Amino acid sequence: AYAKFSSRQNIWSYPLGRSGPISVRDGRPVTSGSQVIEEHDVSPDGRWLVFDGNRRGNMDLYKIPLGGGEAIPLTDFPGNEFAPRWSPDGREIAFYSSGGQGFDIMVMSSGGGAPVVLAGSERASYYPVWSPSGLEIAFQSDWPEQGRIRIVSRDSAGGAWHEAVQLTDLRCVMPVWAPDGSGVLCAWGSDLVFV
């Protein structure tokens, strides 16, 4: 005898701006199927949704029109890809991958194709977030110590990326850029730190 476990997690869209509560019945499915979706992001033009899902066994990246439709595979690597984030101009997607010996920060065209590795697996890097200018990406790194924030930058959109630099020397996780790009907010224990 054995038990078979199946998990189904999909993305739903709900209307906002109402004066009263929103009912679960008001939702509209954007994705469907037996899969687990951990994270997603809406394109800057509001037309596309990118998400990570295990439709084919391991976690890959997909994009789908926000109004629904067929999901388009963006990755098919041996490892797992997580936490996709659109660039501010909508031309690129940053994510992290477990394809190497640890976790790599990568950037690829929003249409798919070969990614560029920005921070290698020896640095165990997670959760990339774009700066408002699209010229920097902040991410959480476990190198040289756990929970440091690092930044990788470039001089122009589409240009070559420079070596990542460490931003914090304390354990600070889940970075978020200030809207004007002047710094990064991250969680340090139960406090928030702006650097």
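Since we're looking at a predicted model, the values are computed, not measured.
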Asks: Do F103 and S97 touch side chain to side chain, with heavy atoms closer than 4.5 Å?
Replies: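 No, every pair of side-chain atoms sits at 4.5 Å or beyond.
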Asks: Under 4.5 Å between any side-chain heavy atoms of V30 and N10, yes or no?
Replies: no
Asks: Taking side chain to side chain donor-acceptor pair (under 3.5 Å) as the definition, give me every residue that meets it alongside E136, ordered by chain and number, with sequence neighbours left out.
Replies: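 Checked E136 against side chain to side chain donor-acceptor pair (under 3.5 Å); matches are S131, S133.
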Asks: Establish whether M106 and M108 are linked, either directly or via other cluster members, by ILVMFWY side-chain heavy-atom contacts under 4.5 Å.
Replies: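 Yes; M108 is reachable from M106 via cluster members.
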Asks: When the side chains of residues 181-195 are checked against the rest of the protein, which donor-acceptor pairs come out under 3.5 Å, sequence neighbours left out?
Replies:
| unit_1 | atom_1 | unit_2 | atom_2 | d |
| --- | --- | --- | --- | --- |
| S182 | OG | D180 | OD1 | 2.7 |

Asks: State, with a plain yes or no, whether a side-chain heavy atom of R56 is found less than 4.5 Å away from one of D76.
Replies: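 With C-beta onward as the side chain, the pair touches.
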Asks: Hey, could you give me each pair passing ring pair (Phe, Tyr, Trp, His ring centres under 6.0 Å) that has a residue in residues 68-94? Not counting sequence neighbours.
Replies: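 Qualifying pairs, neighbours excluded: F82-Y96.
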Asks: Got Y62 and I64 here, is their nearest side-chain heavy-atom distance under 4.5 Å?
Replies: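 Result no, sub-4.5 Å side-chain heavy-atom pair not found.
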Asks: So, the side chain of W130 versus the backbone of R85: is there a donor-acceptor pair under 3.5 Å, distance only?
Replies: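 Between the backbone of R85 and the side chain of W130 there is a qualifying donor-acceptor contact (under 3.5 Å).
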Asks: Within the structure provided, determine whether P179 and W177 are in side-chain contact (heavy-atom separation under 4.5 Å).
Replies: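 Counting from C-beta outward, P179 and W177 never come under 4.5 Å.
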Asks: For the pair Q140 (side chain) and V173 (backbone), establish whether a donor and an acceptor sit closer than 3.5 Å, ignoring hydrogens and angles.
Replies: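 No.
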Asks: Are any of the side-chain heavy atoms of L49 and I11 separated by less than 4.5 Å?
Replies: yes
Asks: Side-chain donor-acceptor pairs under 3.5 Å in residues 22-29, sequence neighbours left out?
Replies:
| unit_1 | atom_1 | unit_2 | atom_2 | d |
| --- | --- | --- | --- | --- |
| S23 | OG | R25 | N | 3.1 |
| D26 | OD2 | R18 | NH1 | 2.6 |
| D26 | OD2 | S23 | N | 3.2 |
| R28 | NH1 | G67 | O | 3.3 |
| R28 | NH2 | L66 | O | 3.4 |

Asks: Taking the side chain from S98 and the backbone from G79, do they hold a donor-acceptor pair closer than 3.5 Å?
Replies: no
Asks: Please confirm whether the backbone N or O of L74 pairs with a side-chain atom of K63, one donor and one acceptor, at under 3.5 Å?
Replies: no
Asks: Under a 4.5 Å cut-off applied to non-hydrogen side-chain atoms, are E81 and M59 in contact?
Replies: no
Asks: Could you work out, with ring-ring contact (aromatic ring centres under 6.0 Å, His included) as the rule, every residue matching F95, not counting sequence neighbours?
Replies: none
Asks: Using only atom types and a distance under 3.5 Å, with no angle test, would you say the side chain of T168 pairs donor to acceptor with the backbone of I149?
Replies: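 Indeed, once roles are kept as given, a pair shorter than 3.5 Å links the two residues.
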Asks: Check whether any side-chain N or O of N54 sits under 3.5 Å from a backbone N or O of Q35 as a donor-acceptor pair, and report yes or no.
Replies: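 Judged by distance alone, no pair lies under 3.5 Å.
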Asks: Using atom types as modelled and distance alone, determine if a side-chain donor or acceptor of D52 lies under 3.5 Å from a backbone N or O of E39.
Replies: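 Yes; judged by distance alone, with no hydrogens or angles, the pair exists.
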Asks: Going by the salt bridge (Lys or Arg N to Asp or Glu O under 4.0 Å) test, which pairs reach into residues 86-97, not counting sequence neighbours?
Replies: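 Listed by first then second residue: E92-R154.
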